[in-house]
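A short write-up of the structure that comes next.
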Number of protein chains: 2
Amino acid sequence: MDLSPIAEEYLKAISTLETEHARPIRTVEIADEIGVTSASVSSMIDTLDERGLLEHTPYKGVELTGDGEEIVTTLVRKHRLLETFLTDHLDYRWTDVHEEADRLEHHVSDEFATRLATFLDDPTTDPHGDPIPDTALTVSEESVQTPLTEYEAGETVVVAQVPDRDHDVREYLFEHGLEPGTELYLEAVTAVGILEVVPDDADDSVSIPTKIARHVSARATSR
Amino acid sequence: MDLSPIAEEYLKAISTLETEHARPIRTVEIADEIGVTSASVSSMIDTLDERGLLEHTPYKGVELTGDGEEIVTTLVRKHRLLETFLTDHLDYRWTDVHEEADRLEHHVSDEFATRLATFLDDPTTDPHGDPIPDTALTVSEESVQTPLTEYEAGETVVVAQVPDRDHDVREYLFEHGLEPGTELYLEAVTAVGILEVVPDDADDSVSIPTKIARHVSARATSR
DNA sequence: CACTAATATTAGCCTAGTCTAATTATCCTC
DNA sequence: GAGGATAATTAGACTAGGCTAATATTAGTG
Ligand SMILES: [Mn+2]
Ligand SMILES: [Mn+2]
Ligand SMILES: [Mn+2]
Ligand SMILES: [Mn+2]
């Protein structure tokens, strides 16, 4: 039988946490990520385990199986293709596409994804700079990207990735003209950790709190 | 609170039956249309009545209220915009779009519909020739269209509408080269009611059983 | 090593939507 | 106008996913 959108959301959450922590994921972490109680998570873990999508060691945590990961990658591919379509063709702001894609990813068919990818000319990154898995569900090496906080005053970098899920961070970046592709001159790093940067299309410098800059990654300019 | 996709499907079914019969709709008719038991329908009727989306006269039948009709029209608009997108931009055959649209219509936001309509250049008919309600949810007068069976041998007509939901009928029409816009010369109507027609792009005539022709509507050619 | 805090699981209840079986209402025919 | 057929509703049970409260396990601290 087919997996429900809710079950799929659990798999995605577990995958995100695995990438973040590189170790088995605890019940309470999933509960926090999704916003349900630990009791609900325990029960969903049972059903996902029975379907062979994860391995559960009671009182220890869970790990996705190959099958579980495959489902997640399919979802991520659909999600990022949808986000790309929304920004590139429906004129959505890149700050507004995540929620729509997060709903639709569970309802578009594989056929739809294949055809949408062709329509979009097989894009490799989404509007937030995240890689789009290809048809074989291979994720291109997340090219070496470094948090903005690792650079030093005087350097010029290009914004590579911005967070897709945190509304406030998205709005902050949008309002200050930062998005994937924006070139930045790193003017100064203040004592309290605020970065003063000058975007390529602006005259004045913009202050970015560390709390936000930590989640923005950038590449050194090839120039 | 928001309506579930399932509740929305009930409203659509009732609306379809109302259009077809122009009288209050009975429980068993809804059950047949959706494929559930009468007991399930009775219970859903209660919830939709409580929400003011239909009026139920026990043992007599239901009628949609204005609010109920509005929800249906919004769904129909989304459905037909999606079908148009799928055929015109994702290269789906017009025979294959109904099912995808029937799922997605419940999950795309109003914002998405608005933007998709703009992207598509505000189309007024879908790939089956059905009218697309506009933003104000007005359905353009279903322009006078007559079933193919009403025409007589010797006339030339243009196919205006084909059925969107019946898989077998869709396949039959597709395989015989009939779709909205196809021009037909009505060669003969046989005693048993089979129509012999010649599509504009074919040399040979094609036989269409009455059972199918009844569901295809056409306009007399303006030529 | 025992105690406590944190975490996980289980038990039991709720809602939405489904079903079958039982009951009730309506309608049609004689 | 009564009887039987048909349709509608109600009762009661099941599943998925949620919750709270109770219980069990683990881990860390003294
Ligand atoms: Mn996203
Ligand atoms: Mn999602
Ligand atoms: Mn359709
Ligand atoms: Mn539908």
Side-chain angles (χ1 to χ4, degrees), chain A residues 1-18 20-21 23-64 68 71-72 75 102-103 105-107, chain B residues 1-14 17-18 20-21 23-64 68 71-72 75 102-103 105-107:
Chain A
M1 237 252 300
D2 239 28
L3 222 49
S4 73
I6 291 175
E8 291 182 342
E9 230 24 71
Y10 275 85
L11 293 177
K12 276 185 66 181
I14 293 165
S15 172
T16 303
L17 292 163
E18 280 184 346
E20 195 175 324
H21 296 119
R23 55 159 175 74
I25 304 305
R26 322 298 308 274
T27 302
V28 72
E29 295 173 311
I30 303 168
D32 288 350
E33 178 80 13
I34 300 190
V36 296
T37 61
S38 287
S40 300
V41 174
S42 278
S43 130
M44 181 59 85
I45 283 175
D46 281 350
T47 52
L48 296 175
D49 193 333
E50 273 161 30
R51 279 161 169 278
L53 303 176
L54 51 74
E55 298 223 37
H56 180 215
T57 314
Y59 291 100
K60 288 298 152 73
V62 298
E63 275 180 287
L64 292 186
I71 290 173
V72 171
L75 285 168
D102 214 20
R103 237 179 314 109
E105 64 187 355
H106 308 285
H107 304 286
Chain B
M1 237 252 300
D2 240 28
L3 224 49
S4 72
I6 290 175
E8 291 181 342
E9 229 26 70
Y10 276 85
L11 293 178
K12 276 185 65 180
I14 294 165
L17 292 163
E18 280 184 346
E20 196 175 322
H21 296 119
R23 56 159 174 73
I25 304 304
R26 324 297 311 271
T27 302
V28 71
E29 295 174 310
I30 303 169
D32 288 350
E33 177 79 14
I34 300 190
V36 296
T37 62
S38 287
S40 301
V41 174
S42 276
S43 131
M44 181 59 85
I45 282 175
D46 281 350
T47 54
L48 295 176
D49 193 335
E50 273 161 30
R51 280 162 168 275
L53 304 176
L54 51 74
E55 298 222 38
H56 180 213
T57 313
Y59 292 100
K60 289 298 154 68
V62 299
E63 275 179 288
L64 292 186
I71 290 173
V72 171
L75 285 168
D102 213 21
R103 238 180 314 109
E105 64 186 357
H106 308 284
H107 304 286

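The chains referred to below are lettered A, B, ... by the order of the sequence lines, with proteins before strands, and numbering in each begins at 1. Remember, it's a predicted structure, so these values are computed and weren't measured experimentally.
- Nearest nucleotide to the side chain of A:Ser42, out of D:dG18, D:dT20, C:dA8: C:dA8.
- Going from atom CG of A:Asp32 over to atom C1' of C:dA8 covers 14 Å, rounded to whole Å.
- Between A:Leu3 and A:Arg51 there is a side-chain heavy-atom pair separated by less than 4.5 Å.
- The 5' end of DNA chain D is approached more closely, in terms of each residue's nearest nucleotide, by B:Ser38 than by the other of B:Ser38 and A:Thr47.
- The CD1-C1' distance, from B:Ile45 to D:dT10, rounds to 14 Å in whole Å.
- At C:dT9, one or more side-chain N or O atoms of A:Thr27 fall inside 4.0 Å of OP1 or OP2 (strictly under the cut-off).
- Distances shorter than 4.0 Å separate some side-chain N or O of B:Tyr10 from OP1 or OP2 on C:dT18.
- Nearest to the side chain of A:Ala39, among D:dC19, C:dG17, C:dC19, sits D:dC19.
- In this structure, A:Glu29 atom CD and C:dA6 atom P are separated by 16 Å, rounded to whole Å.
- Side-chain nitrogen and oxygen atoms of B:His56 include none within less than 4.0 Å of the OP1 or OP2 phosphate oxygen of D:dA8.
- Comparing D:dT20, C:dT18, C:dT9 against the side chain of B:Val36 picks out C:dT18 as the nearest.
- Atom pair B:Asp46:CG and D:dT10:P shows a separation of 7 Å (rounding to whole Å applied).
- A straight line from CG of B:Asp49 to C1' of D:dT9 spans 14 Å, rounded to a whole angstrom.
- Residue B:Arg51 contributes atom CZ, which lies 9 Å from atom P of C:dA16 at whole-angstrom precision.
- Not one side-chain nitrogen or oxygen of A:Tyr59 sits closer than 4.0 Å to the OP1 or OP2 atom of D:dT23.
- A residue-by-residue look at B:Ile34 and B:Arg26 shows that B:Ile34 has its nearest nucleotide of DNA chain C further toward the 5' end.
- Which of C:dT18, D:dC19, C:dC19 sits closest to the side chain of B:Thr37 comes down to C:dC19.
- The distance from the CD1 atom of B:Ile71 to the CG atom of B:Leu11 is 5.5 Å, given to the nearest 0.5 Å.
- Contact of the B:Tyr10 side chain with the B:Thr47 side chain is not registered, since no non-hydrogen atoms from C-beta on lie closer than 4.5 Å.
- B:Met1 places its CE atom 12 Å from the P atom of C:dT15, with the value rounded to the nearest Å.
- When side chains are defined from C-beta on, A:Leu48 does not count as touching A:His56, because their heavy atoms never get closer than 4.5 Å.
- Between A:Ser40 and the phosphate of D:dC19, there is a side-chain N or O to OP1/OP2 separation shorter than 4.0 Å.
- Separating the CD atom of B:Glu50 from the C1' atom of C:dT15 is a distance of 13 Å, rounded to the nearest angstrom.
- Among the atoms of the strands shown, only primed sugar atoms or phosphate atoms (P, OP1, OP2) are found under 4.0 Å from some heavy atom of B:Ser4.
- For the pairing with A:Arg23, the salt bridge (Lys or Arg N to Asp or Glu O under 4.0 Å) check across A:Glu29, A:Glu63, A:Glu18 returns one residue only, A:Glu29.
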